[in-house]
Amino acid sequence: MKAEFQMQLNTQRGSLERVLRTVRHRGFNITALNVAQIDTTPYFNVSLSVESQRPMSLLAKQLNKLFDVSQLKVLEEVSYAQTA
Amino acid sequence: MNQPITGAHYIVKTLLSKGIDTVFGYPGGAIMPLYDALYQSGVNHILCRHEQGAAIAADGFARSSGKLGVCLATSGPGATNLVTGLANAYLDSVPLLAITGQVAQPLIGTDAFQEVDILGMTLPVVKHSYLLDTVEELPQVLEDAITIATTGRPGPVLIDIPKDLQVASFYPEPVTNKAPETFPVETSSVMKAVQLIREAKRPLFYIGGGVAISGAETELQQLLDKTQIPAVTTLKGIGSCGGYSHCLGMLGMHGLKAANYAVQSCDLLITLGARFDDRATGKLEQFAPEATVIQFDIDPAEVNKLKAATVIVEGDLKASLSNLLQQLSSESFSIAEWQDQCERWQREFKWNYQAPGDGVYAPRMLNNLSRRLPVNAVITCDVGQHQMWVAQHCQFNSASRHLSSGGLGTMGYGLPAAIGAQMAEPEHCVINVCGDGSFAMNLQELMTLKRYQLPVKIMLIDNQSLGMVRQWQSLFFQERYSEIDLSDNPDFVAVAQSFGLVGKRITARHEEDDAIDWLINQSGPCLLQVCISNQENVWPLVPPGASNSQMLEGENYES
């Protein structure tokens with residue numbers, strides 16, 4: 001399965017590491033990553049593409065638990081079979 | 001008028017204003033300003049003899065009292081020594097606040113003396129964490145940290161505070177009270193659950209640690225009394241059913257046979273604050289194979305994580321169970337046949353404590369200990385065979401009376417956890433049941449017992465080996481006993497005495513009863529060494545990768 005996650009991320013120290021380690025530890029591989037601070041706000045816009053055999057809902061729930069993450073969206077979810 | 005205050009003094013002032021009057025810790029260079037502020041502050045600081053001991057003592061304090069546990073450590077090794085305690089609290093959802101000193105800000109990132117990146121190092125084992133950038137943010141960070149640790153699904157929160165910010169003066173601004181997460185009851189989901197419960201012929205409650213964490217034991221017991229539906233518990237759910245007669249005990253790898261058979265036979269599994277841990281489920285695909293699953297949990301990430309549920313009730317269990325009870329109040333259930341079957345299993349597999357031989361039989365001794373303990377006594381465990389024997393053979397009237405490292409399985413948990421529990425409840429009897437392997441892992445905390453004259457009673461089940469590992473090597477590694485022999489243990493009674501405890505040793509069956517009396521009646525810290533055969537195993541046992549119905553049994557198991 002592949003999916004793209006978009007979220008706002010607090011720029012607090014360690015916030016990006018927290019997201020990345022969650023993705024790794026829960027069994028997902030990152031295929032693309034874009035991070036940019038939103039103007040002068042204390043937030044990043046994060047776009048994260050991942051692939052895994054595990055359900056994307058599993059990762060979405062874990063990311064939603066992080067206190068630095070807000071406005072999480074799962075943009076697309078397609079199986080390998082559909083993309084082949 | 002707003003007065004300037006140092007960061008360190010602000011922390012102490014906040015702890016006291018929050019009613020936090022007991023903390024556990026160990027001083028060192030980068031946290032000296034905070035220790036200076038603690039001096040004669042009114043906060044009762046318990047000096048443990050290792051930071052892991054301090055973290056676990058805070059965990060034991062929190063589990064027994066339901067309050068926030070607080071531990072302090074310096075930078076570098078002080079902070080790294082906390083990590084196991086944080087992970088332990090994380091996996092068992094225990095509210096913990098860890099405050100670590102950090103090297104001064106200009107030194108961060110320079111490989112300074114006693115500098116480690118504890119924020120980075122602990123990311124996987126905390127609910128949330130902070131590295132303070134300015135002293136002005138301290139009030140809000142402390143407020144948020146305490147709220148996060150204690151609300152929703154509780155967990156450990158770490159605040160790393162550079163030394164220069166501890167001594168910096170500032171004018172505190174009022175904090176914004178972080179609105180606690182709210183978990184409204186999903187009434188429509190509860191109604192769906194009611195429908196399934198009404199239709200079930202063989203319903204079963206599967207009760208986890210979440211029930212006690214949410215303070216829902218009373219609601220659970222009312223629900224059990226009303227429905228008379230049989231129940232099983234996880235390791236952390238032990239005690240939550242009180243004395244409910246249809247409670248079949250713990251399920252899983254070392255679960256009771258009646259409990260495992262009930263799970264494998266039920267047609268409806270009503271899951272309350274449990275997370276389908278592998279030690280509970282055995283082979284997941286064959287767990288509760290005939291059951292429709294209802295799952296109640298406060299954490300959406302636990303729902304459908306491992307086992308698909310037909311009905312999901314997210315939210316605080318206390319409110320959800322109250323709602324469920326209300327909706328079931330006019331219902332009656334026709335499950336007599338199922339209740340009879342469960343009772344037959346209970347009778348058929350009732351434990352036989354008449355083991356042959358003259359040696360001490362640990363299950364019998366623990367069962368008798370449990371029967372003779374005063375109400376509200378607390379037993380803390382370490383990890384291994386003795387832990388499973390306590391889970392199988394001791395009775396508890398609340399999960400807060402049975403402190404056991406469930407998720408992480410931390411050897412060395414029991415003694416510091418007992419220290420924390422005894423500090424929280426000085427009027428209650430606190431017993432640490434440990435093994436000879438586990439006892440040695442935080443043995444230095446005997447000094448803490450002595451210093452504060454905490455009347456913790458240690459029952460050391462000594463088989464001169466790492467018994468659980470030996471059991472597995474015997475069963476699954478062709479009796480290749482690799483590094484499990486502890487026959488060169490020291491004289492534990494002499495060890496206890498050298499730390500200022502009183503000690504006693506027993507080796508024979510006829511000494512069991514008197515030794516229990518001796519242990520219970522000691523007024524100060526004491527140790528009872530109970531020598532058992534190193535051939536004793538924990539039965540039943542579900543082999544790795546097997547279904548819970550495929551339990552291996554020992555010769556002493558059935559009557």
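In what follows, chains carry the letters A, B, and so on, assigned in the order in which the sequence lines appear, proteins first and then strands, with residues in each chain numbered from 1. For the numbers below, each heavy atom of this structure counts, side chains included, while hydrogens, waters and symmetry mates do not.
Atom NZ of B:Lys192 has 12 or fewer heavy atoms from other residues, nucleotides or ligands within 6.0 Å.
Of the residues considered (B:Ile148, B:Asn304, B:Val303), B:Ile148 shows the highest number of contacts with chain A, using heavy-atom pairs under 4.5 Å. Between chain A and the residues B:Gly120, B:Gly152, B:Ser129, the largest count of heavy-atom pairs under 4.5 Å involves B:Ser129.
In terms of heavy atoms, B:Ala301 sits closest to A:Gln62 at CB-NE2, 3.5 Å.
Note that CD of B:Glu302 and NZ of A:Lys65 are 6.0 Å apart. Values are rounded to the nearest 0.5 Å. Taken to the nearest 0.5 Å, the CG atom of A:Asp68 stands 4.5 Å off from the NE2 atom of B:His128. Between the CZ atom in A:Arg13 and the CG atom in B:Leu119 there is a gap of 8.5 Å [rounded to 0.5 Å].
Contact annotation: the side chain of A:Arg18 approaches that of B:Val126 to within less than 4.5 Å [non-hydrogen atoms, C-beta and beyond].
Neither the backbone nor the side chain of B:Asp144 comes within contact range of chain A; no heavy atoms are under 4.5 Å apart. Looking at A:Glu17, the atoms closer than 4.5 Å to chain B (heavy atoms on both sides) sit in the backbone and in the side chain alike. Only the side chain of A:Arg21 comes within less than 4.5 Å of a heavy atom in chain B; its backbone stays farther off.
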